[in-house]
Amino acid sequence: MMRTHHCGELTAENIGQQVTLAGWVNRRRQHGEHLAFLDIRDYTGLTQCVVDNTVDARSEYVITVTGTVTARVEGTVNRDLPTGEIELQDCIIEVLSEAEPPPFPIDERADKVDEMVRLKYRYLDLRRERMQRNLRLRSKINAAIRSAMANQDFIEVETPMLMPSTPEGAREFLVPSRQRPGNFYALPQSPQLYKQLLMVGGLDRYYQIARCLRDEDLRADRQYEFMQLDLEMSFVEVDDVLSAAEVGVLDAAEVATGVRPTEVPRITWHEAMERFGTDKPDIRFGMELVELTEVFAQTGFKAFSSAGSIKGIKVDGGASQYGRNKLDGLTDEAKAMGAKGLVWLKVIVPEAAEGEQGSDGVASGLAFQSPVAKFISADETASILSTMDATEGDLILIVADEWTTTCEVLGELRNRIGRPPVHEGPYKYLWVVDFPLFVGVDAATGRPKPGHHAFCHPHPDDLDKLESDPMSVRAWAYDLVLNGWELGSGSIRIHDPLLQRRVFALLGIDDEEADRRFGFFLDPFKFGAPPHGGFAYGIDRLSAILAGEENIREIIAFPKPSSGVDPMTGSPGEVDDGQLEELGLRVLPPAE
RNA sequence: GGUCCCGUAGUGCAGUCUGGAGUGCACGCCGCCCUGUCAAGGCGGAGGUCGCGAGUUCAAAUCUCGUCGGGACCGCCA
């Protein structure tokens, strides 16, 4: 070994020992011809070395230091440093690698450096405490999850990265075949198909920390390639899958934060939409959607009288924080999201509403200040105030539209107004269950679109409505949500070919087409498929939140910026004509 | 494809609204001084295609248009 200790572990207990440390020169403080302090750094921390100033070791030089652990003289102890009671004296420095000055400081100041510069020199960025902490935390999370799965008798199985193209869902990365020019593999969006076949294969319980690839636009919580904990189980019902998946997530959370979440509440998709206006509610804060449709059952206000669903949210004390400009901005946002409009009401004491239209005569003594206050009756005003539990100074936002729009618009407004950054605690996990089997209608075919995927098992209680009222059919599908981020999703799968055929029929896929597109996947189910279901959750997202980061790039060693172009390697790049020829490919000129 | 924001020395910024010589700050870098610092301190120095290109103007980092790069979000992500 080139070293006897790490740079962050020497304490007063080591005084008198001769030690050798290896690492990078973190900083050098020169005090004269024959005295300099030199901090040596590795992933564990810093140790101060007292050296002769003639030593030529500058920032980021890689060195070993052999010296004697010595108590610092009175008054020079550094309480901010774990190793601050000691220093190395009589040092012998060996320079292993010289270093040019780094383009940015290797410390927390680099947090403010342009991310493209950090990514171009990622190997320097990784030397920083923040990145070391994040990647080591992620490693612990991976280990905790693996252990949790193994302890539940799941077996880890690797599945192919080269698989057939299945154009449904996310856009795929394609890989040209050299041996069969003009033919392509696809990189897996997920191991979905294979893991179900593992169940047919009798593996019973499978898991994998799987790399998934999707050629879709990048975001703070999305990379082209990302890692999922993927699992699948045979002979199970929904609760079995949720319980099994939960163990890994909660173990990971405990390892990362020291606190094990006590429980993960479950709510239905419908309740999530009703109360939070989204299928991934952030339940760290209130401001829930309040049902107001009945309040306006007899209303003369035209904007409300024809609406299928009227709901509101209350911003406590928001009346003074939201001036006309901000309210106009919210209204524009609501319209951009598909609402016909947004009604805002400021709860006031009427006397304060000088020159403004108020609706008064309410027993509470409160009224609304609003452009539409004159359209809201005294009864309605009183009813809104009591239903929403509003007091003076509150701001009420109301959307009246079809149910989905009302919920989604208010859900988005709720998030924009009240939602803390995702990485700020507390951590609130949530299962959302009973998703609808179909979501919306395909504009081209007029057929319903699968909410999860075409192999998702309908809720058995709704099977009789499958053909008569497909849009009301619930699915045995579920999502796990953490602080408003979708961590993962899963479902119980269809294992009965006849039921699969019924679902395909609704999607407009006949037997011939099903065989052509999914034959390799469906044929195995003719040979005895066990009932099975599974789940997958994003390890990048989980790690980011548990690390207190709001961008998954911070917990990935070599991520790509949202352009998809890696500033460090320059990829993607052009390839030789010879490589293209071998693959039977020709590049078209750029489209206009 | 869309909306909004950003681009000035190796790094982080000010200057842009209200046009007047690359004007400045901090860190870093180089040199010198310095024996107890720990983001050491002092003195000196080097370092610039103000992203790029047009336009307006006597004059553009500053105004206009275009373009490139980056970020957040929408679309998209079964």
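Convention: sequence-line order gives letters A, B, ...; per-chain numbering from 1.
You can call A/His31 stacked on the base of B/A40; the centres are under 5.5 Å apart and the planes sit within 30°.
For the OP1/OP2 pair of B/G71 and a distance below 4.0 Å, the side-chain nitrogens and oxygens of A/Arg219 include no atom meeting the criterion. The side chain of A/Asn53 places no N or O atom within less than 4.0 Å of a non-bridging phosphate oxygen (OP1 or OP2) of B/C33.
The distance between atom CG of A/Leu218 and atom P of B/G70, rounded to the nearest whole Å, is 11 Å.
Heavy-atom contacts from other residues, nucleotides or ligands closer than 6.0 Å to CZ of A/Arg516 number more than 12.
Taken residue by residue, residues 552-564 of chain A places heavy atoms nearer than 4.0 Å to RNA chain B at A/Arg553, A/Pro561, A/Ser562, A/Ser563. Listed by residue number, the members of residues 413-420 of chain A with any heavy atom below 4.0 angstrom from RNA chain B form an empty set. Less than 4.0 Å separates RNA chain B from at least one heavy atom of each of the following residues of residues 67-86 of chain A: A/Arg72, A/Thr76, A/Val77, A/Asn78.
In this structure, of B/C38, B/G31, B/G1, it is B/C38 that holds the atom nearest to the side chain of A/Gln48.
Contacts classified as salt bridge (Lys or Arg N to Asp or Glu O under 4.0 Å) and involving residues 484-495 of chain A (residues at least two apart or in different chains) are given here: A/Glu232-A/Arg493.
Remark: A/Val439 pairs with A/Pro436 by the side-chain contact (heavy atoms from CB on, under 4.5 Å) rule, at least two apart or across chains.
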What does the B/S/- profile of nucleotides 6-15 of chain B look like, 5' to 3', with a 4.0 Å heavy-atom cutoff to protein? ----SSS---

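Side-chain contact check for A/Asp328 and A/Thr331: no donor-acceptor pair (N or O, by modelled atom type) lies under 3.5 Å.
The residues A/Asp39 and A/Arg28 are annotated as not salt-bridged, no charged nitrogen and carboxylate oxygen being separated by less than 4.0 angstrom.
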